[in-house]
Number of protein chains: 4
Amino acid sequence: MGGTMDDTKRQRRGNTRQRIQDVALELFAEQGYEKTSLREIAERLDVTKAALYYHFKTKEEILVSVYEDLTQPIVELIEWGRRQPQSLETKQEILRRYHDALVEAAPFFRFMQENQATVKELRIGELFRNRMLGMRDILIDPDAPLIDQVRCISAVFTMHAGMFTLNDLPGTDEEKRKAVLEVATTLVTEAHHGRHAS
Amino acid sequence: MGGTMDDTKRQRRGNTRQRIQDVALELFAEQGYEKTSLREIAERLDVTKAALYYHFKTKEEILVSVYEDLTQPIVELIEWGRRQPQSLETKQEILRRYHDALVEAAPFFRFMQENQATVKELRIGELFRNRMLGMRDILIDPDAPLIDQVRCISAVFTMHAGMFTLNDLPGTDEEKRKAVLEVATTLVTEAHHGRHAS
Amino acid sequence: MGGTMDDTKRQRRGNTRQRIQDVALELFAEQGYEKTSLREIAERLDVTKAALYYHFKTKEEILVSVYEDLTQPIVELIEWGRRQPQSLETKQEILRRYHDALVEAAPFFRFMQENQATVKELRIGELFRNRMLGMRDILIDPDAPLIDQVRCISAVFTMHAGMFTLNDLPGTDEEKRKAVLEVATTLVTEAHHGRHAS
Amino acid sequence: MGGTMDDTKRQRRGNTRQRIQDVALELFAEQGYEKTSLREIAERLDVTKAALYYHFKTKEEILVSVYEDLTQPIVELIEWGRRQPQSLETKQEILRRYHDALVEAAPFFRFMQENQATVKELRIGELFRNRMLGMRDILIDPDAPLIDQVRCISAVFTMHAGMFTLNDLPGTDEEKRKAVLEVATTLVTEAHHGRHAS
DNA sequence: CATGAATGAGAGTTCATTCAT
DNA sequence: AATGAATGAACTCTCATTCAT
């Protein structure tokens, strides 16, 4: 009794949920949400499709659960940001931390960027949108000139897109990430000083 | 034959191909490529699915044909850019023209942005990628410091994303577009001057 | 050209829709709606499940279409009944005609009787219910004593159930149907005369 | 241990089997047998599906057990009927008692009526059929004319269907039930007297 | 007395695509 | 220039059931 279960199976027990999330994110990021079927996820985990449904109510819920786990740091960052004075130093610190969060969960954010059309229709579309508005609020002064507001948004874009689109630039990943952060920081700094004269 | 055709039908004669492209782009942009079925396109045009196959060999080909029509101006822009001296004025003019091209075919570029995961796997993925590298070549000096190269790329991102994500900023569309172009231009200008010290 | 299609296939062309309805009703009546799968229907017709969906939007729609075809005579009977005087003769004629309609589409009405739980939740549940209320209106005098109203309803029940539950009674089907009609007629006649003293 | 069990839990102890039967019947009657899943039953009881399998071997067995509990009075009624003389008084008394039994377990009989297609295929199909034949034997004189036999069967139908289909008739439930019983009694009485000439 | 985890089978449905007419 | 009819493959999801603990 018990001897019928080999080591691999035993290892799996109790962490299937986590493994589903991992594999799902991996495939979602690689091929997109729609093109990833539950059959594929299940096969890669060597379980049946029905097993996925034991752990998650729908395909969408798998994604939501991944989302919630991986964006937690950003929620906390925004909360932290709200409690700080709206100084330049704060904003720079926010960018730095945001950048770290993006790097930490890079595959997930790559997924969000490449699957906007899909995400829009899902529950996480709204969730993410709200989170982004939160970021905006702590970076942007709503009374600043339009151009400075655009600068701040551009800073966030730059970090998001810079995460995944600089492959054919020279330099190590480390260097490129540093450069991206610097450009973003400059944009926010200029916005903060209102230095938008040509 | 002929007498049974009402005005609407007659109007359609000969331009069905164009109408398919229009409706397809509209739906692709609105719902995404994967979530738009040929049935839907056909229904909206009041023809059968088989009719689509008379005009296009596959679903993908519809998209390719739209792509080719709408990115023609950018091909020309890149060719023009290559023939110019790599001066600051040239770069600024390129941005201006690129910006116009984006505005002109906004739904298409919104589609490209929101469906990256899908597009990656399709033929237009590579086509678009190459086109983007062309843009890079005429904007970026490959000998410039990394940070200046990033600035240029950030300028392009800013225009792309700025097209679709500034809804809740104050001001008219016109004003916002102007601000976006200005931020992009500043980035490229700073990159050109190598002015990256704070 | 054309030579690749054998006779059986050719025969099928153009009447697949009808054949789907026939087979569906047959199976629905035999096994119940829920226990009959589209796979089963398709297999018996030697087409694919997808072919069913070319002709009908959903499983439920197959049933609805059968319903509409087969209950048409009853719709007409009710309309006819409404235009007649509410005499005893009219009522007796209605019962006779209703009885004929039941016999004519016996498998369908057997289905309706045996699948009430299912039908309740489907669109035809309401449709059928309204049709039955129509019957009631032309048979029952709303001012009559309750017991006479019940007699009329009992008459209708008797015909419905008598259609399918008299197998182990002696006599031919013909004789049994005649007896059923007679019992129903007696009930309505008694109700009409108000002869309900014990 | 035991200290961790709150009152609701304690109350449940030992009567889970009964509670399963209750909830199952409730749902079966409401939605039908097929549309009621074990998941649903388990959720409503706040136990797991596996718990159901501790008490019953299959879904069908839950239904069988309910069936056996609730039709016991009818078994006894039939046995009683068999021992009585086949007088009119006996038959009338049988109808009265049968009527009471139906009212007593109304949801169950409603279930049997609305799920005939399902029940036919299950073990209780045959059980119920035999029980009904038992009723027939004590109500019907096999030597009587066909029409009188039909009358008796009609009487039983009337009671069954009258239980659930008189909602939109005027009067209280009590009054309607009384009327139904009276109509049934009249039918059996007429059958007994062979009074089938108009 | 019951749960947690999983399975195998199958459901209804949708899709891009084909082809004879 | 287009239709009507159909297919094959895939999809998400649900179900009754099992079994070690």
Side-chain angles (χ1 to χ4, degrees), chain A residues 1-5 9-10 12-17 34-42 45-60, chain B residues 9 12-14 16-17 34-42 45 47-62, chain C residues 1-5 9-10 12-17 34-42 45-60 62, chain D residues 5 9 12-14 16-17 34-42 47-60 62:
Chain A
M1 47 204 61
T4 59
M5 217 192 311
K9 281 264 170 188
R10 183 171 288 117
R12 277 175 197 171
R13 262 242 234 70
N15 63 341
T16 305
R17 202 189 133 94
E34 329 246 15
K35 298 250 287 228
T36 301
S37 70
L38 294 182
R39 179 183 52 69
E40 223 173 337
I41 298 176
L45 288 166
D46 202 32
V47 296
T48 60
K49 276 182 289 168
L52 306 184
Y53 279 92
Y54 175 75
H55 293 282
F56 299 95
K57 272 219 287 284
T58 62
K59 184 185 181 185
E60 183 172 354
Chain B
K9 279 264 170 185
R12 275 174 197 173
R13 259 249 228 74
T16 304
R17 202 189 133 92
E34 329 250 13
K35 298 250 286 233
T36 302
S37 69
L38 295 184
R39 179 177 55 66
E40 221 173 339
I41 297 176
L45 287 166
V47 297
T48 60
K49 269 184 292 173
L52 305 183
Y53 279 89
Y54 177 81
H55 293 281
F56 298 95
K57 270 221 295 281
T58 63
K59 184 184 182 186
E60 182 172 354
E61 237 211 17
I62 300 180
Chain C
M1 47 204 63
T4 59
M5 216 193 309
K9 280 264 169 185
R10 183 171 287 117
R12 276 174 199 171
R13 259 244 234 67
N15 63 342
T16 304
R17 201 189 136 94
E34 329 246 14
K35 298 252 285 228
T36 301
S37 70
L38 295 183
R39 180 181 54 67
E40 224 172 337
I41 297 176
L45 288 166
D46 201 32
V47 297
T48 60
K49 273 186 290 170
L52 306 183
Y53 279 91
Y54 176 75
H55 293 281
F56 299 94
K57 272 219 288 282
T58 62
K59 184 184 181 186
E60 182 172 355
I62 299 180
Chain D
M5 221 190 310
K9 280 264 171 187
R12 275 173 200 176
R13 261 253 230 71
T16 303
R17 201 189 135 92
E34 329 250 14
K35 298 249 288 229
T36 302
S37 69
L38 295 184
R39 179 177 55 67
E40 221 174 338
I41 297 175
V47 297
T48 61
K49 268 184 294 174
L52 305 184
Y53 279 90
Y54 177 82
H55 293 282
F56 299 95
K57 269 222 292 283
T58 63
K59 183 184 183 186
E60 183 171 353
I62 300 180

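All values below were derived from every heavy atom in this structure, side-chain atoms included, with hydrogens, water molecules and symmetry-related copies excluded. Residue numbering restarts at 1 for every chain, and letters A, B, ... go by the order of the sequence lines.
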Looking only at heavy atoms, which two atoms of D:Leu38 and D:Leu52 are closest? And how far apart? O-CD1, 3.6 Å
Out of curiosity, A:Lys49 NZ to A:Arg39 CZ, how far, rounded to the nearest 0.5 Å? 8.0 Å
So, using side chain to side chain contact (heavy atoms under 4.5 Å, CB included) as the criterion, who are the partners of C:Ala50 when residues are at least two apart? C:Thr48
If you assign each of B:Arg17 and D:Lys35 to its closest nucleotide in DNA chain F, which residue comes earlier from the 5' end? B:Arg17
Which heavy atom of C:Thr36 sits nearest a heavy atom of C:Lys59, and at what distance? O-NZ, 2.9 Å
Encoded 5' to 3' (Watson-Crick or G-U under 3.5 Å; [ ] crossing; | other strand), DNA chain F becomes .||||||||||||||||||||
How close or far is atom C1' of E:dC15 from atom CD of B:Glu60, stated in whole angstroms? 16 Å
Hits for salt bridge (charged side-chain N to carboxylate O under 4.0 Å, His left out) against D:Lys35, two or more places apart or cross-chain, chain-then-number order -> C:Glu121
Enumerate the residues from residues 49-58 of chain B whose closest heavy atom to DNA chain F is under 4.0 Å, giving them by residue number; use none for an empty result. B:Lys49, B:Ala50, B:Ala51, B:Tyr54, B:His55
Residues that B:Glu40 engages under side-chain hydrogen bond (donor to acceptor under 3.5 Å, both in side chains), provided they are two or more places apart: B:Gln31
Taken to the nearest whole Å, CD/A:Glu34 to P/E:dT14 is 16 Å
Considering all heavy atoms, the nearest A:Thr58-A:Tyr53 contact: CA-CE2, 4.1 Å
How many whole angstroms separate atom CD1 of A:Ile41 from atom C1' of F:dC11? 13 Å
Check the distance between E:dG10's C1' and A:Arg39's CZ and give it to me in whole angstrom. 16 Å
Short side-chain N/O contact from B:Thr16 to OP1 or OP2 of F:dA1, under 4.0 Å: no
Atom CG of C:Leu38 to atom P of F:dG8: distance rounded to whole Å? 17 Å
B:Arg17 meets the salt bridge (charged side-chain N to carboxylate O under 4.0 Å, His left out) criterion, sequence neighbours left out, with none
Under 4.0 Å from OP1 or OP2 of E:dA11: is there any side-chain N or O of C:Ser37 that close? yes
With sequence neighbours excluded, what pairs up with C:Lys57 under the side chain to side chain contact (heavy atoms under 4.5 Å, CB included) test? C:Glu61
Value in whole Å for how far the C1' atom of F:dT7 lies from CG of C:Asp46: 12 Å
